[in-house]
**Student:** 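Below you will find the structure I want to go over with you.
Sequence lines set the chain letters: A, B, ... in the order given, protein chains first and strands last, and positions in each chain run from 1.
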Amino acid sequence: MLLMIFINLLQVAVVMLLSPLAVGILNRWKERLAGKKGPSIFQTYRDIWKLFHKDQIISDQSSWVFRAAPYIYFAAPILVTLLIPVLTSYPLFFAFVGDMIGGGFVLAMGGFFFTLAAIDAANPYGAMGASRTRMVGFLAEPVFMVVFFTVCFVANSTIPYIVQQQWVHPITNFFSPAHILICTAFFMLILAETGKIPVDNPSGHFELAMIDESKSLEFSGAGAALMKWAGCMKFFVLLCILMNVLVAPWGLASKVSAVQIALAIPLIFLKLLVAVGAITIVEASLAKLRLFRITAFLGLAFVIAVAAVLTRMIAI
Amino acid sequence: MISHPHHWLDQFIWLTSGLFLLCSFGLIAAAQVLGCLRVYVMQSALLTISVLLLAARYASTDLLAVAGIDIAAKIILIPWLLRRTARRAMIQRRELQLIISVPMSLLIALALTILAYYITAPLCHGQPQVIRAELPIGFAAVFIAIYTITIRREALPQMLGLLAIENGAFFASIVVAPTFPLIGEVAAAFDVLMVVLTLGVLSRRIHHISGSTEVGLLAELQED
Amino acid sequence: MPMSMPIWIIWLAPLLALGVAAVSHNVRVSGTAACAGALISFAMAGVLVFHVCHASAITAIPHWVGVNAFGSVVVLIETFGGFTAALFAMGALSRHSSDAHAQRQFWIWFNLFLLALFAIPLLQEIALVWLALTLTTLFSVFLVSFDGDPAAFEAGWKYALMTTLGAAVAVLGILMLYWALATTGSTDFSWSGLIAAAPRLPPTILNLAFLLILIGFGAKAALIPFHAWLPDAYSRAPFPICAMLSILESAAIPYVLLQLAGIANLTPHSTANDWMLLFGLVSAGGAALLIIQTHEYKRLFAYSTIENAGIILTAGAAATLHAREAAIWQILAHGVTKPLIFFAAGTIFLLTQRLRLADIRGLLSRTRWGGATFMAAGLAIAGAPPFAIFLSELAVLKSTIESPRPWIGAVLALFMIISFCAITYHLFRMVLGEPAAVDARAQRALTLPKLCTAAIIIAAIPVIVLGWYIPGPIIHGIHTAGQMLGGSMP
């Protein structure tokens, strides 16, 4: 019992502590691929640390939403962490509290408050970024839905712990077109949701071209630190869903034993590094799309997801 | 329903067909001429892989020869011919315009895919899994390619759409008719090359005479 | 001489002419070679029809090359059209502004086109028939855009794109057809193989295959609603090429479709006739309406080709022996009349340099012979007595009214009347009355090249003769072909 609680806490701790590292590695690799030296992989930790030690300035025109938003945005990925398999392939305490759609809602709630806060501060760039984020969000939403429904259709369940086993039992499922198509669609979604190239340029410094970054311009000090950290966690959690739930459950602990759990942490991290590598390659080789081409990008993701349903339903 | 024995290659054939469908969507979404060509070559490569898998599954040397023809004609000769006959149109990097926007087109392509499944459903009834996987996707590829031709304005993407129809037709049928006479395959490959050669030369002349390969802009001939 | 010899000579003659056109730099030599080649082919086609009259089918290579009664009639039409078109083209080219290089290319493409066109009824393997049909498009693209101006290239592009698209759809149908054949355990993908396996072909696959082939080749034959390319291609292509395209669309392609429908009819639950009826009636009716609203006489005759293709398919779909015979008769009558009308129109264009109907008035008062010929040819194509089409259309009407679905005949009669009225209306306005205000260009009193006149006279012979009398071997050929399409092996 105690061990179970410990595992749950460990799961949250892994997400909180390793997520800045994943983002740091991504930034480093991207620069290396572009032929530059790149920042240290621990740079994200330093950034967050630095921001926590700075003063927080809050506009007196803003409301409680602006003050609450960082905490809500920070809490959302932690809640989702409790719902999904990060380290173990067997369900933990909260596994049946919410399913994948519930997890999606929790993440969306965080995003919703982030967007509200961006408008609340009355910075024109914030409102612009907010409206653009909503546009991407609206387009991404149907894709999320179809991906989840396909997954549920295959597994007869919406609980991620149960879904994950489906792709490798029997192993032929792993090579089914539905699986590959779903993974492709979800990968495209992650690019859109976490503001990566070709949807958004996370390292751009030109406010007019920003989508995601311009929303956090008004935050400072601890608020900005929480926002940055939460962004890393969201990225990490989505990668966990991709790699652990959708791609394959390999490397997860299958028994309640300390050794297996201890082994799982580096294995999971290695698996995520594969996904980070893929994103690095995409980011380094593509250019940012024009705003109005984003619809084409997400439209393609949607079509891929529906094609997955089709091939699954008819060719099964 | 009759149950058919599963072959261990079936899953890979199934996977190839999924990717083949993806290439058809890519043909709509590709924004540049070179991109269209790359998608087409990728699609042809998937067709070849599927033929090779079927050759292994049915232990057929004929299909090996078909794969050889495909590689020679579609993966090597056609890109080479196109680069030779229409080099200038090929390498221009401007974004292509579609008559109907990409997201809308993708949705229509999706509807066409469903239509393909609907049409082939009576044919697939009681057939082994490989047929149920490849036949509808081949039909879908044909429909989507026809649709691509209607929404493209440029000469070369239209021509690649034509070639993609042929790809789709053979993808649909190689699994149901693996014994199709080799002479037919040679005829089709020959025809594809002739199409590329003739239309390539024609598009180059159009480019030469009107300064553009946007055949969609040609509207001189109209019944008034 | 073995019975199959004429088949090889029919191919060999244009092949030799192609060789001459490829090496010779003298355009007149190439033209003469093409005429001579087509004439030899025509003579051999006549021999073929005569042989088939006795043997009902001739095989050169079993399952690959051979000809049946229907095919021999079609090849006769094609070779006759090829010969007269070559003659007319030689005359018209002497007045054309193009340089020697372009004209040399013209003859190369022309002979290639003839080779592919003659191959369609002479090949037995279905995949090769498809290839021959596709090649007719690819070889005629540069003939259609021969004028070399942007409009000609536009027409050529549309033509090539739409017909190749049709061929690509047809290939899917052909492959499905092969699947249907393969399910019976047979791999003999020839006409005779299909007929032998026909009763065991699975109907669901066969119906889909036939529909795909009908749509694919329908796009190539410009059946409505796939006719978008046709008016443009015809209005830009040289007149002899229009004549050849007409023969391709209303003889060669209906030949393939009717043969396939005949096979499909041997299976239970075939929907082939229903689909063919639908496309046939829509094309016949739509084209009759299009004829009314057209503004160019070249397009007018192009629409008339669609209409005739529609009539042929409708008659074939009526599915009685007499209706099938009438369909083949219609193929023959229209196939010999179309070259004549395009040549007559070609002389009008040579004399007036105008394409628009509104620009041409009072032809009779300007050129007596030209006007009269055009008038006669126009009446022949409209279906007036005493010309060939009058009799064949009458046969079509009679047989369809006697068929199990007599309403087909009634609807067809309505369409024929509409198109007759429309064609004669345009025709009378062009030929009779006062000449419109003429400009200097049209004022030039041009005489016709002698070869053009010769082509018109030769082309007129069968139009008049077939209106009175049909030679025995041809009647026999039509009868055998009609029986074969009904499924009974001769």
**Student:** I'd like to verify something: which residue of C/Leu212, C/Leu208, C/Thr183, C/Thr187 has the highest number of heavy-atom pairs under 4.5 Å with chain B?
**Tutor:** C/Leu208

**Student:** If we count only N and O atoms by modelled type, under 3.5 Å, do the side chains of B/Ser44 and B/Asn167 hold a donor and an acceptor together?
**Tutor:** yes

**Student:** So which part of B/Leu163 gets closer than 4.5 Å to some heavy atom of chain C, the side chain, the backbone, both or neither?
**Tutor:** neither

**Student:** Between C/Trp109 and chain B, which part of the residue has a heavy atom less than 4.5 Å away: side chain, backbone, both or neither?
**Tutor:** neither

**Student:** Is it the backbone or the side chain of B/Ile149 that comes under 4.5 Å from a heavy atom of chain C, or both, or neither?
**Tutor:** side chain

**Student:** Considering non-hydrogen atoms only, spot the tightest contact between C/Val141 and C/Gly156 and give its length.
**Tutor:** CG1-O, 4.3 Å

**Student:** Is there a side-chain contact between B/Phe20 and B/Gln43 (heavy atoms, below 4.5 Å)?
**Tutor:** yes

**Student:** Backbone N or O of B/Ile28 within a donor-acceptor pair of the B/Thr148 side chain at under 3.5 Å?
**Tutor:** no

**Student:** Name the one of B/Arg132, B/Arg57, B/Glu134 that satisfies side chain to side chain contact (heavy atoms under 4.5 Å, CB included) with B/Val175?
**Tutor:** B/Glu134

**Student:** Using heavy-atom distances under 4.5 Å, tell me whether B/Val176 contacts chain C through its side chain, its backbone, both, or neither.
**Tutor:** both

**Student:** I'd like to verify something: which residue of B/Gly184, B/Pro122, B/Pro181, B/Ala172 has the highest number of heavy-atom pairs under 4.5 Å with chain C?
**Tutor:** B/Pro181

**Student:** CZ of C/Phe239 to CZ of C/Phe349: how many Å apart, nearest 0.5 Å?
**Tutor:** 6.0 Å

**Student:** Given side chains that start at C-beta, do those of B/Leu135 and B/Gln127 come closer than 4.5 Å, heavy atoms only?
**Tutor:** no

**Student:** Does the ring center of C/Phe146 lie less than 6.0 Å from the ring center of C/Phe106?
**Tutor:** yes

**Student:** In terms of heavy-atom pairs under 4.5 Å, which option from B/Val186, B/Val195, B/Thr120 contacts chain C the most?
**Tutor:** B/Val195

**Student:** Hey, what's the ring geometry for C/Tyr178 with C/Phe189, parallel, tilted or perpendicular (30° and 60° as the breaks)?
**Tutor:** perpendicular

**Student:** Could you list which of residues 122-138 of chain C have a heavy atom closer than 4.5 Å to any heavy atom of chain B, in residue-number order?
**Tutor:** C/Glu125, C/Ala127, C/Leu128, C/Trp130, C/Leu131, C/Thr134, C/Leu135, C/Leu138

**Student:** So what's closer than 4.5 Å to chain C heavy atoms on B/Phe170: side chain, backbone, both or neither?
**Tutor:** both

**Student:** Please check if any side-chain donor atom of C/Ser192 sits under 3.5 Å from a side-chain acceptor atom of C/Ser190, or the reverse.
**Tutor:** yes

